[in-house]
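Working notes, structure below.
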Amino acid sequence: MSIFASIEQAPTDPILGISDAYRADPSPDKVNLGIGVYQDESGKLPLLAAVREAVARIAADPKPLGYQPMDGLPGFAAATQELVFGKGSAAVASGRIVTVQTLAGTGALKLGADFLNRFSPGADILFSEPTWDNHAAVFGGAGLTIRAYRYYDRATGGVDFAGMCADIADAKPGSIVLLHACCHNPSGCDLDDSQWAEVVKLIGEKGLIPFFDMAYQGFAVGAEADAVGVRLAAESGITFLVANSYSKTFGLYGERIGGLSIGCADAAEAKRVLSRVKLCIRANYSNPPTQGATIVTTILGDSELRASWEAEVASYRDRIRDMRGLLAEGLRANGVAETGFVTKQRGMFTFTGLSPEQMQTLRGEYHIYGVDNGRICCAALNTRNVEYVAVSLAKLLK
Ligand code: LMR
């Protein structure tokens, strides 16, 4: 008898499973608004000009593909620190921030979770309610204890800031607070600058550890403005973690490239922390791959390529904003009274407020694939599908 005989079929993934169902649907009307992947007006995943050029440069000068150091490609950490913490960051200059290359954002979250659980086993981690579907699997799987703080206010379609602060203030000292740096996934509702200042101060006063998930730097306002919470934490001197991803921002989804940064008390502590993070890496996958890190480091290290990247991300932002405008217009034209949420929310996602049953109806009857929590990806809308989506959504929202 096989030792696997009693294993039951796992449920499908709430986000990636939607793409599988979409692929299997023969309908010509089908629209995939499930996964958070940016698509251009023609419905295709774009290859950024800066990435195309970096790949060409790398191909023109092929190098032997040896092992990378455990913490990643030399030069990658410094380039990532400049992007995440800003040029001239005093925290970076002090040497108290450790940055390592990771297997994209999810890999950074898992590495950070493993590291935290190693030194604070079973510690509480507070998630926004709601949060990205995979957070619970990543952090729960690492052994941390999942708690929640209030965040999205269904009544106002905004952030329940008082509730958020009250729940964070109630957390046990030493708890970790997971924060979406920008473009909150799934709600699209972000804190403003003064709210960030308040939250970072509160977290510091209560002896908590903020862990920023930054998968969309540049998709809300711009690379600098979107990092305001992260930078406040870094410059305030508290202990913190940041997982940043290059999947969406550089269109490098399949390269699995991101970074984990840990803010320590001082450079000496950072050195010891890095030695322990390397042990976690060694025990998981030994060392990371080369190509994605080389692409990112090439772009960030060349002022022309970096400017090209920023301009292209700005054009993504603009296109998403235009699609949000068209969706809101289409909803209004089809009898939905309250559409402000569509244009107010930021980043790739719109949180429709539809129930799981309604999202299933959207799939079953209209072949429009969103996530059961009510999230749809506006970055996959285009001028050909937006009207159909608006008409279909309006039937459920009215
Ligand atoms: C999403 O939220 O759709 C993306 O981050 C993709 C994923 O891995 O879930």
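Just so you know, ligand 1 is whichever comes first in the structure, and atom 1 is the first atom listed for that ligand. All values below were derived from every heavy atom in this structure, side-chain atoms included, with hydrogens, water molecules and symmetry-related copies excluded.
- Other residues, nucleotides and ligands contribute at most 12 non-hydrogen atoms within 6.0 Å of the NZ atom of K206.
- Other residues, nucleotides and ligands contribute at most 12 non-hydrogen atoms within 6.0 Å of the CD atom of E387.
- For ligand 1, the atoms closer than 4.0 angstrom to any heavy atom of N185 are 2 (O).
- For ligand 1, the atoms closer than 4.0 angstrom to any heavy atom of G36 are 1 (C), 3 (O).
- For the ring pair (Phe, Tyr, Trp, His ring centres under 6.0 Å) with Y152, the lone residue among F351, F161, F127, F341 that qualifies is F351.
- Note on ligand 1: I35 sits in its first shell, one or more heavy atoms being nearer than 4.0 Å.
- Annotation: atom 9 (O) of ligand 1 to nearest protein heavy atom, W132 NE1, 3.0 Å.
- Applying the ring-ring contact (aromatic ring centres under 6.0 Å, His included) test to residues at least two apart or on different chains, the pairs with a partner in residues 9-31 are Y22-Y369.
- Nearest heavy-atom pair, A220 versus C182, reported as atom, atom and distance to 0.1 Å: CB-CB, 4.4 Å.
- The ring of F139 has its center closer than 6.0 angstrom to the ring center of F211.
- At least one heavy atom of R375 sits closer than 4.0 Å to an atom of ligand 1.
- For atom 5 (O) of ligand 1, the nearest protein heavy atom (residue, atom name, distance) is K248 NZ, 3.0 Å.
- Residue G34 places no N or O, backbone or side chain, under 3.5 Å from any N or O of ligand 1.
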